[in-house]
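Here's the structure, in structure tokens; my notes come after.
Within every chain, numbering begins at 1; the chains are lettered A, B, ... in the order of the sequence lines, protein sequences first and strands thereafter.
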Amino acid sequence: MTPPHRAGLAETMLSAFISLLLQNALARRNPASAFPHNQIASITVADKITSRQQDYSQWYIDLVRSAKLADYSDVRGCMVIRPNGYAIWEKMQAALDGMFKATGHVNAYFPLFIPESFIAKEAEHIEGFAPECAVVTHGGGEELSEKLYVRPTSETIIWSSYKKWIQSYRDLPILINQWANVVRWEMRTRLFLRTTEFLWQEGHTAHATPEEAQEEVIRMINVYRTFAEEYMAMPVIVGKKSDSEKFAGADATYCIEAMMQDGKALQAGTSHNLGQNFAKAFDCQFQSKEGVLEYVWATSWGVSTRLIGALIMAHSDDKGLVLPPKLATRQVVIIPILKGNKDEVRAHARFIARALNHHGIPTFVDDSENNSPGWKFAEYELQGIPVRIELGPRDIEQGKCVAARRDTLEKTELLLDDTLPANIEEILNNIQQNLYDRALLFRQENTVEVSSWEEFKAKVEKGFVIAHWDGTAETEAQIKEETKATIRVMPMDAEYRQQYSMDEPGTCIRSGNPATQKVVFAKAY
RNA sequence: CGGGGUGUGGCUCAGCUGGUAGAGUGCUGCGUUCGGGACGCAGAGGUCGUGGGUUCGAGUCCCGCCACCCCGACCA
């Protein structure tokens, strides 16, 4: 066998390589080889990461830092998103941006600074946001005549523009999204989940009718659902927020709510029906077909880098990050076992990488000699690379390699022939599906319907609790006060509602008053 | 804003009743290794968070300040 050499490799040689591999595979004598590596030895990875069982929140922090996703900065409450973490965000952005464009939206950019008077225009809005705003008082060495708020969200600055752009029903709808950073001066922060500055996208749309606005609100929350399920492999409950949980300035807030591995809920995305609140605050009217002046109907919707936190807490384990393949910029790592004829092993590894990349599977080779293979196994598991290929001289001799999948840590032997790319692809698809199934099963196992207050208090410590609620803010506040659990969502999905017979009338779990429906309670991030 | 904790090589930390700074890990170089976080040898790296005080002498004792982390109340 002539080992391929790295010099002069070109895409055109790919098919030659594949047939070479094929020949090797056919020629090999001993397909069921003897060396035992289809089981994972129970290694004690240096206690780099606290186990989830020991301390869930410490596990999260350890993971984020050791997988090099983010780092604390020297600014309180702010984080540095490192390349590994930013890569996930870029994948999320790309997928979401495509979905926004496909639903007719365009991107634009509005200023970071918002005049104080703008923020103050919508009563509920300023009440909700002012306390957590950073305010600029000086510029160019002089005190500003009007303070500038660093945007906590952009409704006001955007509506001040929309007012200028909208005169007629012909100007509607406006369907704009912006990718931006925002600042909210939170008291307590947590990497990705809540930081003073974070990255997000915010869609802001303007419509001629309430029906059209409502349609948009639902369309976008469904876009988020699709993204969560198909890309993040994270099941979510889609529904409406109670009045006390809704956005400051909205008539209604819809959300996708996910369950983390500790049973707590995490709001992963929101879509607001803003009614005419901002149009009225900014006096934004349009002339209808009938010639009548009417206020514009608005929506806004957003997801943030918090999704990265959700992703981590939904899937990862004590060995590190577990990434769904669709959000992995690097789906396969090849680790050559460099002994014997190193150059040959290396060359094969690179050839396989080339073949997989050619097949659309982002693959890289770590053939450095600084670290042992075992070190590399652990390191890339920590970083969540979905599939690892181990390739040593013995494999090459026998025309095969070992593929280890990150979600189950299972190893399988694969032939080094032209079936390899398809086989790897299948594993990647399986991982994507398995992560979703696993998370869904976990959510189902940790969701209970309760009918007594005692049971409620016990069960709400971990997981989702479905119970009757009398619909009043007083009862909601009381429950929060006593258990720290809140109403996470009033699900819209008919199947979900039916599964937990949520439309059955009954008596409120706390007050005992008549209740027309059940809602989902949980402790939340 | 309450409660707790921590500030000492890049990181994790030790440093006792004060005597002039150490380990592990990481880093650099060379060599041997390599199928689950390998090993040997040789190196580089610290105004001990900060200001003051006590003392012949402070990483260590006293007072102030600052910063960060964790837990709670608020929030995506």
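- Side-chain atoms of A:T103 come within 3.5 Å of backbone N or O of A:F100 as a donor-acceptor pair.
- Residue A:F227 forms a side-chain contact (heavy atoms from CB on, under 4.5 Å) with just one option from A:M234, A:K326, A:M99, and that option is A:M99.
- Residue A:P393 is in base contact, counting any heavy-atom pair closer than 4.0 Å across all strands shown.
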Exercise answer: donor-acceptor pairs, residues 83-94 of chain A side-chain atoms, under 3.5 Å, sequence neighbours excluded:
from  : atom 1 : to    : atom 2 : distance (Å)
A:N84 : ND2    : A:A67 : O      : 3.0

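- Within the 4.0 angstrom heavy-atom criterion, base atoms lie near A:E186.
- Within the nucleic acid shown, A:K484 comes within 4.0 Å of sugar-phosphate atoms alone, with no base atom in reach, counting heavy atoms only.
- Evaluation of the salt bridge (charged side-chain N to carboxylate O under 4.0 Å, His left out) test over residues 474-487 of chain A, restricted to residues two or more places apart or in two chains, returns A:E482-A:R510.
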Which atoms of nucleotides 68-70 of chain B (N or O only) lie under 3.5 Å from a protein N or O atom, and what are those distances?
from   : atom 1 : to    : atom 2 : distance (Å)
B:rC68 : OP1    : A:R76 : N      : 3.1
B:rC70 : OP1    : A:Y72 : OH     : 3.4

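- At the heavy-atom level, A:S304 lies under 4.0 Å from base atoms of the strands shown.
- Taking the C1' atoms as reference points, B:rA21 lies 11 Å from B:rA14, given to the whole Å.
- A salt bridge is defined here as a Lys NZ or Arg NE, NH1 or NH2 lying under 4.0 Å from an Asp or Glu carboxylate O, and A:R184 with A:E197 fails to meet this definition.
- Residue contacts for A:K342: at a heavy-atom cut-off of 4.0 Å it reaches a base atom on one of the strands shown.
- A gap of 15 Å separates the P atoms of B:rU60 and B:rU54, to the nearest Å.
- Applying the side chain to side chain contact (heavy atoms under 4.5 Å, CB included) rule to A:K121 yields the partners A:A281, A:F282; only residues at least two apart in sequence or on another chain are considered.
- A donor-acceptor contact under 3.5 angstrom links the side-chain atoms of A:K411 to the base of B:rG36.
- In this structure, the ring of A:F364 has its center less than 6.0 angstrom from the ring center of A:Y380.
- At the phosphate of B:rC34, neither OP1 nor OP2 sits under 4.0 Å from any side-chain N or O atom of A:S372.
- Between the side chain of A:D395 and the base of B:rG35, a donor-acceptor pair under 3.5 Å is found.
- Applying a 4.0 Å cut-off to non-hydrogen atoms, the residues of residues 194-204 of chain A that approach RNA chain B are A:R194, A:T195, A:F198, listed by residue number.
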Could you pull out every donor-acceptor pair under 3.5 Å between side chains of residues 151-158 of chain A and any protein atom, sequence neighbours left out?
from   : atom 1 : to     : atom 2 : distance (Å)
A:R151 : NE     : A:N181 : O      : 2.6
A:R151 : NH1    : A:Y109 : OH     : 3.4
A:R151 : NH1    : A:F110 : O      : 2.9
A:R151 : NH1    : A:P111 : O      : 3.2
A:R151 : NH2    : A:Y109 : OH     : 2.7
A:R151 : NH2    : A:N181 : O      : 3.3
A:R151 : NH2    : A:N181 : OD1    : 2.7
A:T153 : OG1    : A:E155 : OE1    : 2.6
A:S154 : OG     : A:Q178 : NE2    : 3.2
A:S154 : OG     : A:E202 : OE1    : 3.4
A:S154 : OG     : A:E202 : OE2    : 2.7
A:E155 : OE2    : A:S300 : OG     : 2.7

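- Interatomic distance, A:T196 OG1 to A:E132 CD, rounded to the nearest 0.5 Å: 10.0 Å.
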